[in-house]
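Written out below as C-alpha cells is the structure these notes cover.
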Amino acid sequence: MPVRHLHLIGHPEPFTAEVVRVVRQTEDLPLPEVMKLYRPLYGVAGIEFRMHRSTLHNSLYRSDDEWLVNTQVYCVSARLTPVLHLRRVAGAELASTYQQSFEKVWDEAVPIERSS
C-alpha cells in the first residue's frame, strides 16, 4: 500500500487559491520559511500539502496509530518543549482527539497543487 504524507502548513496572512498555486514557483511571496524548504517536494506523488489559517498550538506527527505531539510552552522555543508520545488504545480518547482535530483542519485547508 502506498504511503501518503500529509503536511498542514499554517499561514498567518490571508491567502487565496491563486496564491497557493504559485507558492512553489516564486520567491517573492511573504511565505513561512518552512514552505520554502518544502518547495522541492511539492511535485512528488504521494506527498500532499495544504495551507490553513487555524490556530493550532501543537505540532502533530503521526505514523499508523502513534502520534508525537510537540507542545507549546510560553516563552520557550519549540525545539526545547516536551513531546508527548501517544498511542491509540481501546478505551482511550486522547490520540483519537488529535486525529479528529487534524482531519477537520485538513478538510478545511487549501491544497497546494502539484505541478502537472
Side-chain angles (χ1 to χ4, degrees):
M1 166 184 282
V3 175
R4 285 178 68 202
H5 295 268
L6 308 179
H7 299 266
L8 271 171
I9 301 172
H11 195 291
E13 302 298 324
F15 56 85
T16 64
E18 180 59 27
V19 168
V20 175
R21 275 193 284 280
V22 299
V23 161
R24 64 184 146 61
Q25 299 172 356
T26 181
E27 296 291 332
D28 299 328
L29 292 174
L31 301 173
E33 192 62 30
V34 69
M35 294 179 77
K36 295 174 185 176
L37 295 172
Y38 279 136
R39 188 173 281 129
L41 300 176
Y42 290 159
V44 177
I47 300 178
E48 299 176 50
F49 291 89
R50 294 189 183 182
M51 287 175 35
H52 71 89
R53 301 250 356 253
S54 304
T55 303
L56 301 175
H57 297 287
N58 299 297
S59 296
L60 306 174
Y61 307 90
R62 176 183 170 213
S63 178
D64 300 323
D65 288 337
E66 299 197 26
W67 288 83
L68 296 177
V69 180
N70 183 210
T71 62
Q72 283 192 355
V73 177
Y74 184 70
C75 293
V76 177
S77 172
R79 65 185 177 83
L80 300 174
T81 58
V83 175
L84 306 176
H85 182 187
L86 307 176
R87 273 183 284 221
R88 187 181 337 197
V89 295
E93 297 181 15
L94 191 53
S96 295
T97 299
Y98 279 107
Q99 180 167 347
Q100 291 167 9
S101 172
F102 178 90
E103 289 171 353
K104 181 172 175 52
V105 175
W106 180 262
D107 290 343
E108 297 173 359
V110 178
I112 298 174
E113 297 179 5
R114 294 190 310 124
S115 51
S116 305

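The shortest side-chain heavy-atom distance between E48 and R4 falls under the 4.5 Å cut-off.
Y38 is linked by a ring pair (Phe, Tyr, Trp, His ring centres under 6.0 Å) to H7, F49, counting only residues two or more places apart in sequence or in another chain. For R62, the salt bridge (Lys or Arg N to Asp or Glu O under 4.0 Å) test picks out no residue, with sequence neighbours left out. With sequence neighbours excluded, the residues satisfying side-chain hydrogen bond (donor to acceptor under 3.5 Å, both in side chains) with R88 are D65, Q99. Qualifying salt bridge (Lys or Arg N to Asp or Glu O under 4.0 Å) partners for E103, counting only residues two or more places apart in sequence or in other chains: none.
The shortest non-hydrogen separation linking H52 to A109 is CB-CB, 4.0 Å. Here the shortest heavy-atom pairing between S96 and A92 reads OG-O, 4.5 Å.
Rounding to the nearest 0.5 Å places CG of L8 at 5.5 Å from CH2 of W106. To the nearest 0.5 Å, the span separating OG on S101 from CG on N58 amounts to 8.5 Å.
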Could you tabulate the donor-acceptor pairs under 3.5 Å formed by side-chain atoms of residues 74-86, not counting sequence neighbours?
{"residue": "T81", "atom": "OG1", "partner": "N70", "partner atom": "ND2", "Å": "2.9"}
{"residue": "T81", "atom": "OG1", "partner": "T71", "partner atom": "O", "Å": "2.8"}
{"residue": "T81", "atom": "OG1", "partner": "A78", "partner atom": "O", "Å": "2.9"}
{"residue": "H85", "atom": "NE2", "partner": "E66", "partner atom": "OE1", "Å": "2.5"}

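With a 6.0 Å radius and a threshold of 12 heavy atoms from other residues, nucleotides or ligands, D64 has its CG atom at or below the threshold.
If you chain together hydrophobic residues whose side chains sit under 4.5 Å apart, L6 and W67 fall into the same group. Note: the hydrophobic cluster containing Y61 does not contain Y98 (ILVMFWY, side chain heavy atoms under 4.5 Å, direct or indirect links).
For the pair T97 (side chain) and E93 (backbone), a donor-acceptor distance under 3.5 Å is present.
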